[in-house]
Amino acid sequence: MTNRYNPKESEPKWQQAWLENECFTTTKAPGKPKYYVLEMFPYPSGRIHMGHVRNYTIGDVIARYKKAKGFNVLHPMGWDAFGMPAENAAMERNVHPAEWTYANIDAMRSQLKLMGLSFDWDREFATCDVTYYRHQQELFLDFLDKGLAYRKEASVNWDPVDQTVLANEQVIDGKGWRSGAPVEKKKLSQWFFKTTAYADDLLESLQTLERWPEKVRIMQANWIGRSEGLKMTFQLVGEGAPEDGLGIYTTRPDTLFGASFCAVAPDHPIAESWTAKNREAAEFVERCRRSGTSAEEIETAEKLGFRLPFSAKHPFIEGKELPVFIANFILMEYGTGAIFGCPAHDQRDLDFARKYGLDVTPVVVPEQEDPVTFEIGAEAYVGDGKLANSDFLNGLEVEAAKDLAIRKIEERGEGTRTVNFKLRDWGVSRQRYWGCPIPIIQCDTCGPVPVPKADLPVELPSDIDFSEPGNPLDRHPTWRNVKCPKCGRPARRETDTLDTFVDSSWYFARFCDSHAKTPVNTTDTDYWLPVDQYIGGIEHAILHLLYSRFFVRAMKDTGHLSLKEPFAGLFTQGMVTHETYTDEHGKAVLPDLVRIETQGESRSGIHVETGKPVSIGATEKMSKSKKNVVNPEEIIKQYGADTARWFMLSDSPPERDVEWTDAGIDGAWKFVQRLWTIVHELGARVDPGDTQKAEPSKEAIGLRQLTHRSIASITEAIETFRFNLAVAQIYELSNTIRKSGPALKDANAADNEILADAVKALVQLVAPMMPHFAEEAWSNLGYTGLVVDQPWPEAKSEYSEIANVTMPIQVNGKRRAELSVPKDVPQAEIEKLALANDRIQEMIGDKAIKKVIVVPQRIVNIVVG
RNA sequence: GCGGAUGUGGCGGAAUUGGUAGACGCGCCAGACUCAAAAUCUGGUUCCGGCAACGGAGUGGGAGUUCGAUUCUCCCCAUCCGCACCA
């Protein structure tokens with residue numbers, strides 16, 4: 001045994017040992033509880049970053065810990081491999097997206113393997129494997145069959161230069177993010193998944209997700225955006241008034257008597273039919289379209305309206321007619337795309353009414369106000385109160401008034417009580433090459449026809465041309481041309497591919513049997529699902545998690561799965577941050593090129609190449625553009641995987657951001673070495689021989705006590721994702737072993753055994769975090785087998801109980817002395833001892849004792865006055 | 001605007017049901033070893049006063065409940081995150 005731990009030798013050795021022993025190859029094990037740990041699978045960008053290191057370290061600690069606790073653990077890994085960067089690489093570097101992607105996967109796989117993660121690599125797949133996406137095509141067809149997938153016209157952001165559809169995030173200030181060309185709205189026929197079919201259930205079931213962060217559940221609930229209200233139709237009168245009236249949605253039917261106008265969205269059918277014949281209206285709508293959608297713009301945008309020539313009849317007030325506008329603040333996507341405006345009780349309506357000189361009639365009066373004198377100023381009143389100026393609603397509370405108003409409208413057949421959602425159906429068509437082809441054939445005679453299942457997969461052609469912008473599938477000379485499966489006439493393939501979020505919406509189910517001939521193997525999914533612990537970044541709080549929740553429901557309704565919620569537990573880890581550095585020209589500098597010099601507590605940076613000073617900027621999320629990145633592979637080469645893993649788990653709670661620092665990684669490295677010294681110098685077990693009768697020393701009993709208390713608290717810390725606490729407690733235990741160890745080592749057999757047991761426990765406790773180190777230590781101490789196969793150490797309460805407790809004694813709430821007493825001394829006795837204490841006597845002096853509070857095993861407080 | 005979180009030494013952060021505030025780590029200071037440095041080890045390190053014993057203050061600010069508040073209640077401030085013209 002050498003006295004330095006060498007990760008360069010140890011890490012590959014133990015990785016090989018785990019592989020040879022098939023430690024992480026998982027099969028169903030009846031009789032053992034299962035545990036499915038999953039980290040969000042990565043996009044194969046080319047190399048892993050520190051965010052991955054943190055994510056997979058956390059997951060690996062859980063997986064290894066649960067395995068030691070006797071669970072049958074599934075811990076798979078794969079690749080979210082479709083997506084735009086591969087196409088960009090193809091255009092920029094003239095390399096095929098598939099080639100680029102698979103090369104990246106190979107590079108990243110070997111990087112991940114350096115980390116010593118307990119993945120079952122037999123289950124690996126990439127979503128761009130035809131063996132994966134063919135099943136996705138089958139799911140699509142099944143969804144189609146059940147009405148969970150459908151086709152409709154929808155408007156998209158169209159980049160006229162790149163000839164492509166842009167996601168909302170790719171539109172910056174109304175321009176395409178790559179081309180810089182002004183983005184146009186274009187109507188395209190697109191495929192949708194009917195997420196709204198499960199809107200209620202997706203919302204309701206959030207309550208059952210007890211092991212999800214509250215924050216994520218709230219975000220999802222807001223996204224689904226359920227509201228209760230009234231959908232009703234206003235009769236329209238006047239020139240060119242549409243005969244079927246104006247359908248509106250409101251959550252405030254109680255304020256109907258305060259209505260002073262109606263408004264429709266600029267892209268509402270009524271607006272569109274009018275703009276078709278009126279130039280002024282068309283210009284107005286055009287102006288609305290141009291206005292920005294950024295936060296400040298919406299905040300400050302003026303409410304604008306265009307008066308239509310017809311009016312709406314008030315449902316309750318005979319003879320009252322409300323002007324109808326096209327208004328810029330009405331959204332076509334929400335409700336019916338039309339409203340009635342009640343300026344007194346809605347700020348937007350009020351702003352609009354003030355601008356166009358419309359009536360402002362308060363109909364809800366706050367309790368402390370007089371209904372006669374109550375007036376609305378610059379701010380709308382949105383609170384509770386009693387109804388006024390409202391005929392049959394007068395005097396009612398808001399809730400009761402809503403109810404009655406709805407019932408009246410329903411009685412008259414003019415509307416219905418409605419639940420409305422913000423959640424929209426999920427548009428999944430992407431006009432791109434590198435994605436899962438949608439298995440549809442467009443026939444001029446039959447319309448869109450599903451590809452028969454026997455003809456699956458619809459494989460992406462590999463001979464493609466990226467020299468022109470747009471979707472190369474559209475330009476492919478032969479791939480598109482097929483016969484209609486229904487009528488046999490010439491037809492064309494759908495050239496759109498599926499949104500990559502579809503790929504990641506069911507991969508966790510596929511992992512249960514990655515080689516299944518059907519999308520999933522039900523026997524295996526029944527056994528493994530749900531994922532017991534899912535771990536990833538908060539950035540996926542809404543879309544990915546919601547889509548997955550939708551998918552599992554849809555797969556249940558199409559007979560593929562038998563559960564509703566894919567992820568029983570969710571943990572969202574924080575980001576990895578780093579200081580930013582800039583040179584004298586303000587250009588970002590990589591940390592590798594900066595040498596930090598410290599003088600006392602002040603720090604300055606020097607560029608290692610130019611020797612010029614570098615200024616130290618804010619600590620931010622690691623990103624290529626800020627150049628504040630540290631390459632994990634370099635770190636692992638220099639320090640070993642265990643040190644990197646240990647650092648990721650130290651100090652910062654995993655849900656918060658962690659700052660990567662040189663000092664931090666150095667500190668972790670030093671601890672690994674110190675731990676090695678402990679194992680090396682103190683861990684050996686001596687043969688008890690004939691000294692068996694020896695009693696353990698007081699010090700040894702103390703160490704045994706700490707060992708078992710540490711086992712208990714570290715177990716608890718890992719269970720609750722408080723790895724920083726587990727780390728702190730491991731430090732404490734190792735510090736104590738280091739200090740008391742030398743005296744115990746050769747004292748007697750009993751002491752030696754306690755010491756050896758403490759070191760053994762320490763090795764096992766660090767094993768989930770530093771697995772290679774633990775194996776090396778385990779084998780060097782002469783224990784048989786692998787640590788990875790050992791059961792988790794057990795905290796024995798008979799060893800961890802304390803005989804004496806130290807209790808502080810307070811006088812008037814201030815600590816003045818301490819008292820060390822046996823654990824079960826009666827309260828009265830404690831009180832007597834406390835009062836007898838010299839120092840306490842001194843503090844009390846001749847003052848009267850008003851009260852003595854004794855909390856057994858905790859504290860004594862003497863109140864004097 | 002709405003929703004959510006956070007606020008504790010020089011820094012990251014600990015503190016069962018209210019019960020010794022600052023565990024553990026980093027940094028810093030002093031010392032040992034060394035020709036020297038690195039590494040390692042030992043001790044100290046909330047602030048103010050004091051040689052010390054010890055005293056006083058102290059968990060963003062202010063009030064309150066309590067023998068006792070980082071923890072509970074109310075008000076305020078700051079920072080961060082998410083959503084956002086959602087009728």
Side-chain angles (χ1 to χ4, degrees), chain A residues 4 213-219 221-223 225-227 229-230 248-253 255 263 265 291 293-295 297-301 303 327-331 333-342 345-349 351-352 382 420-423 538-539 541-542 598 600-603 647 650-653 655-659 661-664 666-668 670-671 673-674 677 713 716 722 724-735 738-739 806-818 839 850-865:
Chain A
R4 293 288 283 176
E214 184 69 23
K215 181 188 169 92
V216 174
R217 280 152 48 185
I218 290 168
M219 280 164 77
N222 290 341
W223 187 262
R226 183 182 196 274
S227 68
L230 167 69
I248 61 99
Y249 171 74
T250 180
T251 56
R252 292 298 302 272
T255 64
S291 73
T293 48
S294 75
E297 281 169 314
I298 286 169
E299 193 80 19
T300 55
K303 304 280 176 280
N328 64 345
F329 64 100
I330 309 301
L331 304 172
E333 301 83 56
Y334 187 75
T336 60
I339 60 147
F340 79 81
C342 173
H345 305 292
D346 182 288
Q347 192 59 46
R348 294 155 304 177
D349 295 351
D351 295 344
F352 189 80
V382 295
N420 193 54
F421 293 94
K422 287 189 209 171
L423 184 70
I538 187 79
E539 67 273 20
I542 297 176
T598 39
E601 277 171 15
S602 77
R603 305 167 66 246
F647 173 62
S650 313
D651 292 347
S652 291
E655 68 277 11
R656 284 197 218 167
D657 290 354
V658 63
E659 186 185 359
T661 61
D662 289 347
D666 281 341
K670 284 178 192 169
F671 179 68
Q673 293 304 338
R674 201 186 310 154
T677 310
S713 56
E716 163 84 13
R722 304 209 286 175
N724 56 321
L725 284 190
V727 164
Q729 280 145 6
I730 284 167
Y731 272 113
E732 204 176 344
L733 178 60
S734 67
N735 285 345
R738 198 156 54 107
K739 279 179 187 153
T806 305
M807 295 171 65
I809 310 172
Q810 297 181 332
V811 176
N812 284 349
K814 284 194 197 296
R815 193 178 70 94
R816 298 300 180 182
E818 267 181 6
R839 179 136 175 73
K850 284 188 174 166
K851 204 174 186 183
V852 179
I853 291 128
V854 178
V855 184
Q857 297 183 55
R858 287 229 184 266
I859 205 164
V860 180
N861 192 9
I862 299 162
V863 187
V864 297

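Throughout, a chain's letter reflects where its sequence line sits, starting with A, and its residues are numbered from 1.
As rounded to the nearest Å, B/U17 and B/A87 have P atoms that lie 39 Å from one another. For the P atom pair drawn from B/A14 and B/G22, the interatomic distance equals 15 Å after rounding to whole Å.
One can find a donor-acceptor pair under 3.5 Å joining the base of B/C85 and the side-chain atoms of A/Lys303. In terms of polar N and O atoms assigned as donor or acceptor, the side chain of A/Arg816 never comes within less than 3.5 Å of the base of B/U20 in a complementary pairing.
Note: CG (A/Leu725) to C1' (B/A15) measures 10 Å, nearest angstrom. Taking atom OH of residue A/Tyr731 and atom C1' of nucleotide B/A23, one finds them 14 Å apart after rounding to whole Å. The nearest whole Å value for the distance from the CZ atom in A/Arg656 to the P atom in B/C11 is 15 Å. For A/Phe340 and B/A87, the CZ to C1' distance is 9 Å, given to the nearest whole Å. Here B/U66 presents its P atom at 18 Å from CD1 of A/Ile859, a figure rounded to the nearest Å. The distance from atom CD1 of A/Ile538 to atom C1' of B/C81 is 9 Å, rounded to the nearest whole Å.
The phosphate of B/C41 (OP1 or OP2) has a side-chain N or O of A/Arg738 nearer than 4.0 angstrom. Under 4.0 angstrom from either OP1 or OP2 of B/G4 there lies no side-chain N or O belonging to A/Asn222. Contact annotation: A/Tyr334 reaches the phosphate of B/A87 (side-chain N/O to OP1 or OP2, under 4.0 Å). For A/Asn724, no side-chain nitrogen or oxygen approaches OP1 or OP2 of B/G25 to under 4.0 Å.
Contact annotation for A/Ile730: no contact, since no heavy-atom pair falls under 4.0 Å across all strands.
A/Phe352 does not carry A/Lys303 over the face of its six-membered ring by the limits of under 6.0 Å from the centre and within 45° of the normal.
Put simply, the side chain of A/Tyr334 reaches to within 4.5 Å of the side chain of A/Lys422, judged on heavy atoms.
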